[in-house]
Amino acid sequence: MQNAIDKISYKIEETSDYLQLKYFYYANDLEIDLEDEEIPPIIKNWRAIRSDGELIGGITLGFREGEYIIDGIAVDKRYRKGNLGRELLNTAIDEIKRRNGNLLYLVARAPKFFAKQGFVSIQRTESPEFFECYTCPQYQNTCFPEVMRFEI
């Protein structure tokens, strides 16, 4: 059976419209506070759009305390199980390579996907303390994301 992503054409492009991605992330199950007007320290955002302009994926690369972080990555539910998530992630990794970076961190709600891409789970004590998850009352109570690292 073909995935929905195999039936469409799309492109990945840089975008400065973080607000569009923020709402997209929220609609695709990322824990985003829509009322928080603060924009995280962003290096770049990319979006995947279909030929008709519909947003189907996005990724935000941030930089905090001297470390690269994925501040959001999501693919529309209809287009998962294709290569779009991998392509978005590789776009951010290529940017880090251009900047001579060597580590990338994220908090994964889909750790199996990221493990397939080469990320490894790490203990909280091994990661920088800039993840909002650590201060969230749901962390390790009703929400159990994995902190992961990728060595470039």
Side-chain angles (χ1 to χ4, degrees), residues 1-65 67-99 101 103-121 127-128 130-136 138-139 142-152:
M1 183 175 153
Q2 263 188 330
N3 294 319
I5 197 75
D6 296 330
K7 300 175 188 175
I8 62 150
S9 65
Y10 63 91
K11 65 180 177 179
I12 296 174
E13 63 184 18
E14 189 175 336
T15 179
S16 61
D17 191 352
Y18 175 73
L19 189 58
Q20 178 192 39
L21 290 178
K22 181 178 177 177
Y23 282 97
F24 180 79
Y25 295 152
Y26 181 81
N28 284 279
D29 303 325
L30 270 67
E31 291 186 15
I32 301 287
D33 182 358
L34 295 179
E35 294 181 18
D36 183 2
E37 295 181 10
E38 185 176 334
I39 296 176
I42 294 171
I43 293 175
K44 288 187 179 181
N45 300 292
W46 295 270
R47 64 183 182 178
I49 56 171
R50 293 187 338 181
S51 56
D52 65 1
E54 182 183 355
L55 178 64
I56 62 171
I59 188 166
T60 298
L61 177 63
F63 192 74
R64 296 189 202 154
E65 298 178 26
E67 301 290 351
Y68 293 97
I69 177 176
I70 297 298
D71 263 326
I73 180 172
V75 172
D76 183 293
K77 293 174 183 85
R78 298 170 295 165
Y79 302 105
R80 293 180 186 163
K81 304 293 182 190
N83 288 320
L84 181 54
R86 179 177 311 146
E87 288 181 48
L88 288 165
L89 193 56
N90 285 338
T91 299
I93 290 169
D94 288 344
E95 179 66 26
I96 296 168
K97 287 177 182 177
R98 280 191 288 282
R99 295 168 176 263
L103 291 175
L104 174 61
Y105 293 90
L106 56 78
V107 177
R109 296 203 40 188
K112 289 181 183 178
F113 166 77
F114 293 105
K116 287 180 185 176
Q117 312 313 314
F119 282 78
V120 294
S121 295
S127 77
F130 49 64
F131 293 110
E132 289 83 10
C133 286
Y134 293 154
T135 58
C136 176
Q138 296 175 3
Y139 181 72
T142 59
C143 183
F144 301 92
E146 290 188 34
V147 178
M148 302 184 87
R149 178 178 59 215
F150 181 77
E151 293 187 26
I152 297 171

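Side-chain atoms are counted along with the backbone in the values below, which use heavy atoms only and exclude waters and symmetry mates.
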* Is there a side-chain contact between Phe119 and Glu146 (heavy atoms, below 4.5 Å)? -> no
* **Arg98 side, atom CZ; Ile93 side, atom CD1 - distance, nearest 0.5 Å** => 11.5 Å
* Please assess Arg99 against Tyr68 for the test side chain to side chain donor-acceptor pair (under 3.5 Å), listing each intermediate value before the final yes or no. => CA-CA 10 Å; Arg99 295 168 176 263; Tyr68 293 97; 5.0 Å; no
* How many angstroms lie between atom OG1 of Thr91 and atom CD of Glu13, to the nearest 0.5 angstrom? -> 11.5 Å
* **Main-chain N/O of Leu30 paired to Arg109 side chain as donor or acceptor, under 3.5 Å** => no
* To do: Determine whether Leu55 and Leu21 make a side-chain contact, defined as any pair of heavy atoms from C-beta on separated by less than 4.5 Å.
  => yes
* Charged N-O contact under 4.0 Å between Asp29 and Lys77 -> yes
* Begin with the C-alpha distance, continue with both residues' side-chain angles, and end with the deciding distance and a verdict on side chain to side chain contact (heavy atoms under 4.5 Å, CB included) for Tyr79 and Arg50. => CA-CA 11 Å; Tyr79 302 105; Arg50 293 187 338 181; 2.7 Å; yes
* Nearest-0.5 Å distance that lies between atom CG in Leu19 and atom CD in Glu37 -> 9.5 Å
* Going through the distances and angles, do Ile32 and Tyr23 end up as a side chain to side chain contact (heavy atoms under 4.5 Å, CB included)? -> CA-CA 8 Å; Ile32 301 287; Tyr23 282 97; over 6 Å; no
* Structure fact -> Taken to the nearest 0.5 Å, the spacing of Asn45 CG from Ile59 CD1 works out to 9.5 Å
* To do: Determine yes or no for a side-chain-to-main-chain donor-acceptor pair under 3.5 angstrom, with Gln117 supplying the side chain and Phe113 the backbone.
  => yes
* Asked: With side chains defined as the heavy atoms from C-beta onward, is the minimum distance between Leu103 and Glu151 less than 4.5 Å?
  -> yes
* Structure fact -> Value for NZ (Lys97) from CD1 (Ile152), rounded to nearest 0.5 Å, stands at 7.0 Å
* Please answer whether the main-chain N or O of Thr60 pairs with a side-chain N or O of Tyr25 as donor and acceptor at a distance below 3.5 Å. => yes
* **Flag side-chain contact, heavy atom, 4.5 Å: Phe114 against Ile73** => yes
* Evaluate the side chain to side chain contact (heavy atoms under 4.5 Å, CB included) criterion for residues Ile8 and Ile56: first the C-alpha distance (whole Å), next the side-chain angles of each, then the deciding distance (0.1 Å), finally the verdict. => CA-CA 11 Å; Ile8 62 150; Ile56 62 171; 3.6 Å; yes
* How about Glu14: does its CD atom have over 12 heavy atoms from other parts shown lying under 6.0 Å from it? -> yes
* Test Ile70 against every option in Leu61, Val107, Leu88 by the side chain to side chain contact (heavy atoms under 4.5 Å, CB included) rule and name the one that passes. => Leu61
* **Where Arg80 and Val75 come nearest, the two heavy atoms and their spacing** => NE-O, 2.7 Å
* Please check if atom OH in Tyr26 has more than 12 non-hydrogen atoms from other residues, nucleotides or ligands closer than 6.0 Å. => no
* Counting only heavy atoms not in Ile39, do more than 12 sit closer than 6.0 Å to its CD1 atom? -> no
* Structure fact -> Of all heavy-atom pairs linking Ile12 and Ala48, the shortest is CG1-CB, 4.1 Å
* Structure fact -> Note: Glu38 and Asp36 closest approach over all heavy atoms is N-OD1, 3.0 Å
* **Gap separating the CZ atom of Arg149 from the CG atom of Leu104, nearest 0.5 angstrom** => 11.0 Å
* Least distance between heavy atoms, Met148 atom then Pro111 atom -> CE-O, 3.7 Å
* To do: Output, in order, the C-alpha distance, side-chain angles, deciding distance and verdict of side chain to side chain contact (heavy atoms under 4.5 Å, CB included) for Phe150 and Leu89.
  => CA-CA 11 Å; Phe150 181 77; Leu89 193 56; over 6 Å; no
